[in-house]
Amino acid sequence: MMGSGKTTVGKLLAEALEYEFLDSDKLIEDAAGGMTVAQFFKEQDEEKFRNAETEVLVKLSSTGRSVVATGGGIVVRPLNWTYLRQGLTIWLNVPLDALAERVVAAGTHTRPLLGDSQGDAAVVKALEKLKAIYKFRAPSYAKADVAVCFQELVVRLGYEHVRDLSPMVIAFQMLEEINKFYKMKKNGAAAA
Ligand SMILES: Nc1ncnc2c1ncn2[C@@H]1O[C@H](COP(=O)(O)OP(=O)(O)O)[C@@H](O)[C@H]1O
Ligand SMILES: O=C(O)C1=C[C@@H](OP(=O)(O)O)[C@@H](O)[C@H](O)C1
Ligand SMILES: [Mg+2]
């Protein structure tokens, strides 16, 4: 989902892996002459944005040794999964109330699907929109190879709240999950 930390944590993960960091939103903005995602939605429309997103994803899917932060909506188009499957897909499963706080703090104008919620009720408004979006997308996010569930991490690591899970802690957990995934894959292949 938007605000889950893909761009922020992706950079840290790339550093840890000594991989390149690529962000599909940034590549779309560059290809559109520096137009922001919000301007893109306004001046063109979501369908054209999704087409641009697939075009960028096709190119990204053939890069090696890279961490790619995608936009939160990339999971919706079945065609995109053809390209997502070229790599290891990781879902950052963040509780929606934490997402709402983050996107409002970042300014919901940066995420056109949320509209420009401001003022006291901004978090409530953003949460309502995020709930509706998530309800439709949850089955797609569940297709990821690996899920990092923040709620489960809070309990397992003994934190008080999801907001205690810093980007660095999440990057470390992603590394752990990636190692677990490939170990299981290797053992599975050996057993076969
Ligand atoms: N683990 C985290 N803890 C607290 N804030 C975070 C965390 N990860 C990201 N953020 C903040 O949440 C907002 C959205 O992060 P971003 O990386 O842009 O998410 P995405 O690319 O998934 O939309 C940013 O303001 C970022 O600083
Ligand atoms: O969830 C979505 O549909 C979107 C997420 C955004 O990226 P982030 O997930 O990096 O915010 C960006 O691609 C666009 O606003 C659409
Ligand atoms: Mg992002």
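Both backbone and side-chain heavy atoms feed into the values below; hydrogens, waters and symmetry mates do not. Note that ligands are numbered from 1 as they come in the structure, with each ligand's atoms numbered from 1 the same way.
- Smallest separation of non-hydrogen atoms from Leu60 and Ser24: CD1-CB, 4.0 Å.
- Under the 4.5 Å side-chain criterion, counting only non-hydrogen atoms from C-beta, Arg111 is not in contact with Lys129.
- A salt bridge is absent between Lys125 and Glu128; no separation between the charged side-chain nitrogens and carboxylate oxygens falls under 4.0 Å.
- Protein heavy atom closest to atom 21 (O) of ligand 1, with residue, atom name and distance, is Thr7 OG1, 2.8 Å.
- For atom 14 (C) of ligand 2, the nearest non-hydrogen atom from the set Asp23, Val37, Thr7 comes from Val37.
- With hydrogens left out, the protein atom closest to atom 9 (O) of ligand 2 is Lys6 NZ, 2.6 Å, a heavy atom.
- Scanning all protein heavy atoms for the shortest distance to atom 11 (O) of ligand 2 gives Arg111 NE, 2.9 Å.
- Comparing heavy-atom distances from atom 16 (C) of ligand 2 across Lys26, Arg50, Arg102, Met2 singles out Arg50 as nearest.
- With a 4.0 Å cut-off on non-hydrogen atoms, Thr110 does not touch ligand 2 at all.
- Criterion: ILVMFWY side-chain heavy atoms under 4.5 Å apart, direct or through other members. Under it, Phe172 and Tyr19 are not part of a common hydrophobic cluster.
- Across Gly72, Gly3, Ala38, Ala106, heavy-atom proximity to atom 5 (C) of ligand 2 is greatest for Gly72.
- Annotation for ligand 1: atoms under 4.0 Å from non-hydrogen atoms of Ser166 are 1 (N).
- Those atoms of ligand 1 with a heavy atom of Gly5 less than 4.0 angstrom away are 8 (N), 9 (C), 15 (O), 16 (P), 17 (O), 19 (O), 20 (P), 22 (O).
- Using modelled atom types, one side-chain atom of Arg102 and one backbone atom of Ser4 make a donor-acceptor pair closer than 3.5 Å.
- The shortest N/O to N/O separation between Gly73 and ligand 2 falls below 3.5 Å.
- In this structure the side chain of Asp97 never reaches within 4.5 angstrom of the side chain of Val123, judged on heavy atoms.
- Under the 4.0 angstrom criterion for non-hydrogen atoms, Ser4 is in contact with ligand 1.
- At least one heavy atom of Arg111 lies less than 4.0 angstrom from ligand 1.
- The heavy atom nearest to atom 12 (C) of ligand 2, out of those in Asp25, Leu99, Leu130, Val103, is found in Asp25.
- Interface of Leu113 with ligand 2, defined as ligand atoms under 4.0 Å from a residue heavy atom, comprises 2 (C), 3 (O).
- Here the protein heavy atom with the shortest distance to atom 1 (O) of ligand 2 is Arg137 NH1, 2.8 Å.
- Each of the atoms 13 (O) of ligand 2 lies under 4.0 Å from some heavy atom of Phe49.
- Residue Met2 does not count as close to the Mg ion (ligand 3), with no N, O or S atom under 2.8 Å.
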**OP:** Could you walk me through whether Val75 and Trp81 pass the side chain to side chain contact (heavy atoms under 4.5 Å, CB included) test, one step at a time?
**Re:** CA-CA 7 Å; Val75 295; Trp81 280 96; 3.8 Å; yes
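- With values rounded to the nearest 0.5 angstrom, Arg50 atom CZ is found 8.0 Å from Arg77 atom CZ.
- With a 4.0 Å cut-off on non-hydrogen atoms, Arg102 touches ligand 1 through its side chain and not its backbone.
- A single hydrophobic cluster is not seen to contain both Met168 and Leu157; linkage of ILVMFWY side chains at heavy-atom distances under 4.5 Å, directly or through other members, places them apart.
- Contacts of Val169 with ligand 1, taken as heavy-atom pairs under 4.0 Å, are absent altogether.
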